[in-house]
Amino acid sequence: MGYQDVYAGWQADPEAYWMAEAKRIDWHTPPSRAQFDRGDGISDWFSDGMLNGCWNAVDRHVEAGRGAQTAIIHDSPLTGTKRWISYAELRNRVATLAGALRAKGVGKGDRVIIYMPMVPEAVEAMLACARLGAIHSVVFGGFAANELAVRIDDAKPRAILAASCGIEPGRVVHYKPLLDGAIAQATHKPEFCVILQREQEVAQLTPGRDVDWHGFQYGATPADCVPVEGDHPAYILYTSGTTGAPKGVVRPTAGHLVALNWTMKAIYGVDPGEVFWAASDVGWVVGHSYICYAPLVHGNTTIVFEGKPVGTPDAGTFWRVIAEHGVASFFTAPTAFRAVKREDPKGEHIARHDLSRLRAIYLAGERADPDTIEWTQEKTGKPVYDHWWQTETGWPIVGNPVGIEALPVKIGSPTVAMPGYDVRILDEQGNEKPAGELGAIAVRLPLPPGTLPTLWNAGERFRKAYLSRFPGYYETGDAGMKDADGYLWIMARTDDVINVAGHRLSTGGMEEVLAAHPDVAECAVVGVRDDLKGQLPMGFVCLTKGVNRPHEEVEKECVALVRDHIGPVAAFKLCKVVDRLPKTRSGKILRRTMAAIADGEDFKLPATIDDPAILDEIRGSIAALGYPRT
Ligand code: COA
Ligand code: AMP
């Protein structure tokens with residue numbers, strides 16, 4: 001069957017389609033049906049079935065006689081180490097960690113925050129939670145203490161599992177002070193913290209609260225897998241919205257496992273036993289889905305890579321890892337290839353490695369620019385597939401289903417809607433736009449298994465953010481079009497979310513931080529184009545009347561403030577004090593106009609602009625920051 005048949009088969013009978021897919025994972029009690037209509041357009045999936053995520057990712061492969069297969073390869077050019085963990089070892093390690101957590105009272109429904117770098121223990125921590133039915137929430141290491149504190153207060157974890165440090169090129173990231181700072185700031189206090197002491201830094205443990213990772217597990221009775229309901233939350237993953245308060249995306253257990261398992265063959269074209277590598281971080285959705293759960297559920301070997309595309313030690317690292325470990329399918333963000341291409345434009349490193357076992361390369365997380373796709377395709381000789389999805393969905397909305405049928409690639413398009421997603425392009429009024437016309441990208445409800453059923457502690461925000469603008473649809477926040485062949489073209493965000501090196505960030509959140517500076521009266525942050533990272537934030541601040549300080553001083557403080565409050569990952573380094581911000585007569589800041597000036601794009605002067613002369617001042621400030629780039 002080709003893609004059209006499979007898609008039509010799903011459309012004709014989604015219930016039968018997903019029940020058939022559900023048979024490919026293990027159930028304690030099989031569900032009586034797939035879809036449970038919740039009444040608000042959203043469906044829960046497989047709710048009356050009982051199963052366990054860790055069983056499906058780990059134990060079942062051991063039971064099936066594949067215990068000796070490598071489950072996780074840790075390859076860390078940053079520490080110069082490599083480790084191989086078999087499925088049998090993984091089962092034992094995870095069961096012991098889960099047993100130790102259970103002995104401290106962690107059980108089904110309890111939240112556990114994981115704040116760890118790219119070490120296998122991070123994946124083991126996720127699986128140990130899944131084993132107990134505890135809900136994990138992984139926080140990316142590049143976030144500052146304040147962001148961690150916000151997540152602690154929202155998730156109210158019983159425990160936090162952390163490492164003593166992370167390692168970035170040229171510096172050790174001291175996790176422990178960040179963790180202590182976050183706990184001090186948060187109103188909610190975890191009962192205990194388990195700290196993985198790394199060789200690069202031994203952290204001072206807080207007596208009565210912190211325990212050492214290994215000591216904590218010593219003598220623990222291994223825990224069995226606890227069956228949970230199909231719609232039990234497997235995890236909460238916070239992502240950026242339009243304000244500084246992150247959205248806690250809830251991932252339901254069963255739908256997640258069923259859908260991810262489907263994607264491994266249908267989209268990534270791999271069979272059980274093969275090596276799959278997603279070069280991302282466990283702190284992002286790509287890491288949750290394609291470093292941890294999907295490859296393991298499908299019985300693949302996954303790679304936990306602690307390094308960067310360049311500088312660890314060079315632009316050949318990706319190719320070295322692919323060749324050395326026999327990667328069959330490789331997934332990363334376009335920014336990573338932009339970094340590689342910049343350092344090795346001729347692709348000389350590629351020739352030094354045997355990429356014969358690699359079949360395809362996948363890109364997502366941000367717009368894949370045609371230059372990058374073409375360069376990667378030409379230099380590696382492998383097909384490069386762009387695909388489009390979000391933290392909210394947990395798996396691709398639009399992609400090229402190579403395991404079903406490899407569709408012709410149109411460079412710049414992530415290809416077509418996957419079964420489960422009925423993607424439409426809508427105008428302001430919610431009417432469907434004809435092929436080739438730009439509009440808001442929406443998905444007809446219900447969303448498929450594995451997608452978010454709600455936001456943690458924020459059901460109303462969920463409805464407002466995603467379901468209210470276009471009744472009967474999920475609003476993706478992206479704009480784009482569909483062509484006559486049904487290919488999607490993703491053009492831009494419709495909100496204040498920007499994408500910096502594949503990391504999703506809120507300009508609204510940065511504005512909240514800048515506005516808290518005592519000398520700042522007003523501010524605006526916009527996303528400007530960047531050759532390497534796709535976008536970078538650029539901030540403009542107006543000083544409070546009477547403040548008479550050197551502008552450079554305030555600008556430096558603003559940069560430091562965003563780094564301290566959001567984290568280095570925000571990459572907020574462009575900031576300018578300005579006299580006034582351009583606004584409409586009704587007082588709306590003209591952020592898009594400022595971004596267009598910085599990008600060197602033509603723009604139409606908004607008819608409602610209050611004082612066009614301000615744009616010349618802004619142009620001068622942008623030029624002082626070195627923009628537009630030539
Ligand atoms: N812990 C602590 N700090 C972190 C971090 C982590 N896990 N990850 C990043 N940072 C810091 C970096 O050290 C850097 O700090 P600096 O301002 O002191 O230099 C800052 O956050 C920005 O990091 P990054 O986005 O990684 O940019 P970079 O300039 O260091 O590297 C790339 C550029 C393109 C090589 C890098 O962005 C990259 O590898 N991107 C891949 C994207 C990706 O995997 N995205 C995931 C979604 S699929
Ligand atoms: P995240 O939730 O962090 O995965 O970010 C999701 C957002 O990243 C999407 O809503 C898009 O704006 C953007 N994005 C992800 N993949 C792509 C892609 N292939 N092409 C264009 N934009 C993408």
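We count ligands from 1, going down the list as the structure has it; atoms in each ligand are counted the same way.
For residues 389-404, every residue pair satisfying the salt bridge (charged side-chain N to carboxylate O under 4.0 Å, His left out) rule, not counting sequence neighbours, is listed here: Glu392-Arg504.
Near Trp284, with a cut-off below 4.0 Å to any heavy atom, the atoms of ligand 1 are 46 (C). Those atoms of ligand 1 with a heavy atom of Val173 less than 4.0 angstrom away are 2 (C). Atom numbering of ligand 1 starts at 1 in the shown order; those under 4.0 Å from a heavy atom of Gly502 are 47 (C). Shown in contact with Val569 at under 4.0 Å from a heavy atom are these atoms of ligand 1, numbered in order with element: 21 (O). Taking every non-hydrogen atom of Ser280 and a distance limit under 4.0 Å, the qualifying atoms of ligand 1 come out as 44 (O), 46 (C), 47 (C), 48 (S). Here is the list of ligand 1 atoms found below 4.0 Å of a heavy atom in Pro309: 35 (C), 39 (O). Near Lys533, meaning under 4.0 Å from any of its heavy atoms, are these atoms of ligand 1: 22 (C), 24 (P), 25 (O), 27 (O), 28 (P), 29 (O).
For Tyr235 and His256, the gap between ring centers is short of 6.0 Å. Side-chain rings of Phe318 and Phe330 approach one another, their centers coming within less than 6.0 Å.
Closest to atom 16 (P) of ligand 1 by heavy atom, among Arg563, Glu343, His174, is Arg563. Between the choices Gly307, Ala570, Ala364, Ala501, the shortest heavy-atom distance to atom 37 (O) of ligand 1 belongs to Ala501. Which of Ala571, Pro568, Pro117 comes nearest to atom 22 (C) of ligand 1 through a heavy atom is settled by distance: it is Pro568. When Thr335, Asp281, Asn499 are ranked by how near their heavy atoms come to atom 34 (C) of ligand 1, first place goes to Thr335. Residue Ala279 holds the heavy atom nearest to atom 44 (O) of ligand 1 of all those in Ala279, Pro169, Ala315, Ala336.
Remark: Ala294 engages Leu260, Met264, Tyr290 in a side-chain contact (heavy atoms from CB on, under 4.5 Å) (not counting sequence neighbours).
Listed by chain and number, residues touching ligand 2 at under 4.0 Å (heavy atoms only) are Val285, Gly365, Glu366, Arg367, Asp386, His387, Trp388, Trp389, Gln390, Thr391, Asp478, Ile490, Arg493, Asn499, Arg504.
Using a 4.0 Å threshold on non-hydrogen atoms, atom 8 (N) of ligand 1 counts as touching the protein.
Of the N or O atoms in Lys308, one or more lie within a sub-3.5 Å distance of an N or O in ligand 1. Below 3.5 Å of separation, one finds an N or O of Lys573 facing an N or O of ligand 1. At a 3.5 angstrom cut-off on N or O pairs, Glu168 counts as close to ligand 1.
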Using atom types as modelled, flag every donor-acceptor pair under 3.5 Å from a side chain in residues 141-149 to any protein atom, sequence neighbours excluded.
from: Asn146; atom 1: ND2; to: His565; atom 2: O; distance (Å): 3.3
from: Glu147; atom 1: OE1; to: Arg151; atom 2: NH1; distance (Å): 2.7

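Side-chain N or O atoms of Asp485 include none that pairs as donor or acceptor with a backbone N or O of Tyr487 at under 3.5 Å.
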